[in-house]
Amino acid sequence: MNWEALVDEAVRVCETGIRAGQSPFAAVIARRDGIVVSAAHNTVRASCDPTAHAEINAIRAAARAAGSIDLSGHVMFTTCEPCPMCAAAIHWARIDEVAWGATIADAEASGFHELSLPCADVYRIGGSGVRTVAGVEHARCAALFAQWKAGPRPEAY
């Protein structure tokens, strides 16, 4: 999979979310042929919903667009390593592969209270077949935290 176009879209969506006062996370879901079916940023604060992570929002939109909860044949790129909740949702949606840029440690260093359980470990321990690709354009995605911290923002969630 060529992740470049998905990274570009995720960074664009993340920057839109940051400008809207949301935290610096975004996710994009595409078919294996690279056609984007959904893109979303984190809306935890705007929706007053602690489950409204970018990955969850993107899965909800992709499932609605597909008319199915089965997203087999799709991949996800997310600007930061998925938390355990999001990793489980990716598995349940049957997404084939997930790639990310920034790490859980990057999020923690920016003030986010993360569960320090790597996404790949969630899948390994749980026996999931979801493939993972870590560190895709890491520096570019990690820089989103600095962009977020530089602007006016609410406390980390």
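Taking a cutoff of 4.0 Å between a charged side-chain nitrogen and a carboxylate oxygen, Arg12 and Glu15 do not qualify as a salt bridge. Under the 4.0 Å criterion applied to side-chain N and carboxylate O atoms, Asp8 and Arg140 are assigned as salt-bridge partners.
Judged purely by atom type and a 3.5 angstrom limit, Glu81 has no side-chain atom pairing as donor or acceptor with the backbone of Ala134. In this structure, His74 contributes its side chain and Ser72 its backbone to a donor-acceptor pair below 3.5 Å.
Once rounded to the nearest 0.5 Å, the distance linking CZ of Arg94 with CD1 of Ile59 reads 13.0 Å. Taking SG of Cys14 as the reference point, atom CD of Gln22 lies at 10.5 Å (rounded to 0.5 Å). Separating the OG1 atom in Thr79 from the CG atom in Asp106 is a distance of 10.5 Å, to the nearest 0.5 Å.
You'll find the ring centres of Trp148 and Phe25 outside the 6.0 Å limit.
No side-chain donor-acceptor contact under 3.5 Å links Thr132 and Glu97. Judged by distance alone, the side chains of Asp70 and Ser68 never bring a donor and an acceptor atom under 3.5 Å apart. Looking at Asn57 and Thr43, their side chains do bring a donor and an acceptor atom within 3.5 Å of each other.
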- side chain to side chain contact (heavy atoms under 4.5 Å, CB included) evaluation trace for Val7 with Glu137: CA-CA 8 Å; Val7 172; Glu137 294 205 38; 3.9 Å; yes
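Side-chain heavy atoms closer than 4.5 Å link hydrophobic residues (I, L, V, M, F, W, Y) into clusters, and following such links, possibly through other members, connects Met76 to Tyr123.
Evaluation of the salt bridge (charged side-chain N to carboxylate O under 4.0 Å, His left out) test over residues 122-136, restricted to residues two or more places apart or in two chains, returns Asp121-Arg124.
Pairing each heavy atom of Ala63 with each of Ile69, the nearest pair is CB-CA, 4.4 Å. Taking all atoms of both residues into account, the shortest heavy-atom contact from Glu114 to Cys83 is OE1-CB, 4.3 Å. The nearest pair of heavy atoms linking Pro24 to Ile18 is CB-CD1, 3.8 Å. When all heavy atoms are compared, the tightest approach of Cys141 to Ala102 is CB-N, 3.6 Å.
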